[in-house]
A.B. asks: 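Structure below; questions to follow.
Quick caveat, the model's predicted, so the values are computed rather than measured. If you read the sequence from its start, that first residue is 1, and numbering goes on from there.
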Amino acid sequence: MLFQPAGAGNDSNPGRQHRFSIFDIFAFAVIFALFALFTHGTQETLVPIAQLQQTPISLDPAMLPEYALRTTLRMLAAIVASLIFTFIYGAIAAKSRRAEMVLIPILDILQSVPVLGFLSFTVVFFMGLFPGQVLGVELAAVFAIFTSQAWNMTFSFYQSMKTLPRDLEEVCDSFGLTGWQRFWRLEVPFSMPGLVWNTMMSMSGGWFFVVASEAISVGNTTITLPGIGAYVATAIADRNIAAVAYAVLAMLVIILLYDQVLFRPLVAWAEKFRFEQSAGGPPPHSWVLDLVKRAHYFRIVLSPLGSLARALGRMPLRAPVRVPHEVHKAWGSRTMDRVWAGLVIAAALYSLWVIVAFVATEVAGGEVVHVLYLGFLTLLRVAVLIFLASLVWVPVGVWIGLNPKVATAVQPLAQFLAAFPANIVFPFAVVGIVALGLDPNIWLSPLMILGTQWYILFNVIAGASAFPSDMREAASAFHIRGWHWWTKVILPGVFPYYVTGALTASGGSWNASIVAEVASWGNTTLRAEGLGAYIADATTAADFPRITLGIAIMSLYVIAFNRVLWRPLFTFAARRLRLD
C-alpha cells in the first residue's frame, strides 16, 4: 500500500446496509438545515445597493447570527475559489520549469501586496459586472478574502508536488498513467495532509482581513456589507468593548462549528493519504464522518458524486495534438531557455520602467533612498520575528503533530487563535505602550506576527502528522533520542513544511506591517518607523505614486529575501529531504 487507509468504516452486518435508521434522519436534517441557511444567506445578494445602504450595521447582539452567516458564506466561497486557483497555479508552477521562473516570484509579490491594494483595483471591475446590485460588492469582498487565503494554500500544494517521493513517480510511470491521471491519483492525494491543514490556516487567517473586505469604498462612497467584520469595525469605531466581546464570542462559535462540520472530517479523511510503508497509529475520528458512513441512504444520495469524481480521475485525458519529438526537443533546448529568460527579463524591465515613470511624477530620488532605508528596517523586524516564532512554534507543532489525541484537542483552539483578528489587540497595545513609556519602534513590532505566526505552527503540525510511522519506528529501534532525534529525524522530516510555513508567514508579516506599524485607539496614534507606516500614510493621503513606490519596494524586498534565504532552503528540502 502506498497510502495508509484511515479505516473502511463498513457495516459489519450486510443485511442492515439498506435499513433506514436514526442516522439517516439526522443526516437529512443537517443537509436541509445547511441548504436553508445557504438560501437565506444568499437571497439578498441580488437586491439593489440602495436598499443595502438604507440598513446600517447594528451593534445589537441579536443581529450577530445573521452577520455570522453572511461572513461564513463569503469565506467558504473564497476557500472554494482558492482551491481551484491552488490546483491550477500550483500544478503549472511545479511542472513547468519556465513557468516556475515567472509564477513563483509573482506569488511572492502577491502575498506581500496589501488586501486594500487589491480592492482598490478590482472593486470597480466586480461592481461593473452587476451594476447597481449587491452581488458585485459581494464578489469584491469574496475576492479580497481570496487574496488572504490562496497564496498559502498554493505554496503548500507546490511544495508537495516538488517533494513527491521518486518511487511513487516510478510507479505512475510503470502503470503508464497520463498527466491527468497522475495529477488526481498521486499528486493531489499526496498533498492532502498538508493542504488540509493549510486550508484550515487560510480559513482562519481570512478573519484578519474580513474587516477590510466588508467595507468597500468607491470614490467618496463606502458600502458596508452585513457581516462580522463590519460589526467589529463599527464596534471599534464606537469604542464599544462589549460589542467587540460579543463579536469574538460569535467567532468562537463559528470556528467550533466549521471545525466539527468541515475540518475535522477532512483531517480524518485525509489521513488515508499519508505516505506509509508500515501500519501507523490510530487515525483521527470525526463524528460527522462516522455519521455519513452510518447513514446508508445519505451515502446512496452522495454515491453519484463519488462515482463521477472517480470517473474523472480515471479518464486517460491526453493533449489533443501530439507534439513531434523534434519540436519537443527544440522547445526544451538551452537556446529556448535563453530566449524565455530574455523575454522574462525584458518584461520585468518594462514593468520597472512604467513604475519608475509613474513614481517620478511626484517623488524625488532622495525620497526613494529613504524608502529603501525604511524597507530595511521592516526587513529586520520581519527576520527577527520569524526567527523567534520558529523557536517557539516548531517544537510545539512537532509535539501536536506526533500526538493525534493532542492534535484533536488543540485543533479548534489553534484555529481560534489563528482566526482572532489581531487588530482587536492593537488598541490594548497602544494603551500599554503609552502607559509604560515604551519605544513604539520595538513594541509595535510583535503586532506584525500576531496573525501570521500560525502559518509556521499549522505547517509544522501538517509535516509532523504526515511523518511516516516506519521512520519513527526505525529511530526508536536504533535508540535515537534527544538532540540527535531532533536534528537527524524529525527536523529533516518536517523541514519542507516548515519552509512553506515560514515563507508564507514572512510574506504575511510584510503585509501586516502596513497596519501594525501605525496603531490607533481613539485620538492616540503610535507609529514605528518603517515601510509599512510609509504605505499606510500614503494610503490615507490617497497619494498613488507613493503607494506604488512603497508596494514596489516592498515587493523587491520580499523577492530578494525569498531568493536569498527561502528559495535555497526550499530547493535543498526538495532535493535532499524527500521521503524516498
A.B. asks: Keeping the roles fixed (side chain from Ser202, backbone from Gln149), state whether a donor-acceptor pair exists under 3.5 Å.
C.D. replies: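 Indeed, once roles are kept as given, a pair shorter than 3.5 Å links the two residues.
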
A.B. asks: Look up atom CE in Met153 and atom OH in Tyr89, then write down how far apart they are to the nearest 0.5 Å.
C.D. replies: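 These two atoms lie 15.0 Å from each other.
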
A.B. asks: Any side-chain to backbone donor/acceptor pair from Thr361 onto Ala357? Under 3.5 Å, distance only.
C.D. replies: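 Looks like no, no N/O pair under 3.5 Å.
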
A.B. asks: Do any N or O atoms from the side chain of Glu517 and from the backbone of Gly532 form a donor-acceptor pair under 3.5 angstrom?
C.D. replies: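 Yes; at least one donor-acceptor contact below 3.5 Å.
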
A.B. asks: Under the 3.5 angstrom rule, does the side chain of Ser513 hit a backbone N or O of Trp510 as a donor-acceptor pair?
C.D. replies: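 Side chain of Ser513 to backbone of Trp510, a donor-acceptor pair under 3.5 Å: yes, one is there.
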
A.B. asks: Heavy-atom count around Tyr67 OH within 6.0 Å, excluding the residue itself: above 12?
C.D. replies: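 More than 12 within 6.0 Å, yes.
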
A.B. asks: Given 3.5 Å as the limit, does a donor-acceptor pair link the side chain of Ser96 with the main chain of Ala93, or not?
C.D. replies: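 No: the side chain of Ser96 does not pair with the backbone of Ala93.
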
A.B. asks: What residue among Thr504, Thr86, Asn459 forms side chain to side chain donor-acceptor pair (under 3.5 Å) with Asn198?
C.D. replies: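 The side chain to side chain donor-acceptor pair (under 3.5 Å) with Asn198 is passed solely by Asn459 among Thr504, Thr86, Asn459.
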
A.B. asks: Would you say the rings of Phe376 and Tyr373 are close, in the sense that their centroids are separated by under 6.0 Å?
C.D. replies: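 So the answer is no for these two rings.
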
A.B. asks: Do Arg70 and Glu214 meet the salt-bridge criterion of a basic N to acidic O distance under 4.0 Å?
C.D. replies: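 Salt bridge absent between Glu214 and Arg70.
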
A.B. asks: So, Trp340 side chain and Arg98 main chain: donor-acceptor pair closer than 3.5 Å or not?
C.D. replies: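 Pair found, side chain donor or acceptor close to backbone of Arg98.
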
A.B. asks: Is a donor on one side and an acceptor on the other found under 3.5 Å between the side chain of Arg546 and the backbone of Tyr534?
C.D. replies: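 Not at all, since once roles are kept as given, no pair shorter than 3.5 Å links the two residues.
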
A.B. asks: Rounded at 0.5 Å granularity, tell me how far OG in Ser58 sits from CG in Leu64.
C.D. replies: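 Reported to 0.5 Å precision, the distance equals 9.0 Å.
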
A.B. asks: Can a donor-acceptor pair be found, under 3.5 Å and without considering hydrogens, that links the side chain of Thr548 to the backbone of Phe544?
C.D. replies: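 Yes, Thr548 side chain to Phe544 backbone: donor-acceptor pair under 3.5 Å.
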
A.B. asks: Measure the CG-NE2 distance between Leu531 and His370 for me, rounded to the nearest 0.5 Å.
C.D. replies: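 That separation rounds to 10.0 Å.
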
A.B. asks: Assess the pair Tyr557 and Phe561: is the distance between their ring centroids shorter than 6.0 Å?
C.D. replies: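 Ring centroids of Tyr557 and Phe561 are no less than 6.0 Å from each other.
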
A.B. asks: ring-ring contact (aromatic ring centres under 6.0 Å, His included), that's the test. Do Phe570 and Tyr158 meet it? Break it down for me.
C.D. replies: CA-CA 11 Å; Phe570 188 90; Tyr158 168 78; 5.2 Å; yes

A.B. asks: Please report the C-alpha distance between Val392 and Gln453 in whole Å, then the side-chain angles of each, then the deciding distance to 0.1 Å, and finally whether the side-chain contact (heavy atoms from CB on, under 4.5 Å) criterion is met.
C.D. replies: CA-CA 10 Å; Val392 173; Gln453 59 186 333; over 6 Å; no

A.B. asks: Just say parallel, tilted or perpendicular for the rings of Trp393 and Trp454, cut-offs at 30° and 60°.
C.D. replies: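 Aromatic pair Trp393/Trp454 classed tilted.
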
A.B. asks: Under 4.5 Å between any side-chain heavy atoms of Pro65 and Leu69, yes or no?
C.D. replies: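 With C-beta onward as the side chain, the pair stays apart.
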
A.B. asks: Would you please test Ile547 and Ile551 for side-chain contact (heavy atoms from CB on, under 4.5 Å) and show each step?
C.D. replies: CA-CA 6 Å; Ile547 293 174; Ile551 293 177; 3.8 Å; yes

A.B. asks: Could you tell me whether the side chain of Thr234 and the main chain of Ile57 form a donor-acceptor pair under 3.5 Å?
C.D. replies: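 No, Thr234 side chain to Ile57 backbone: no donor-acceptor pair under 3.5 Å.
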
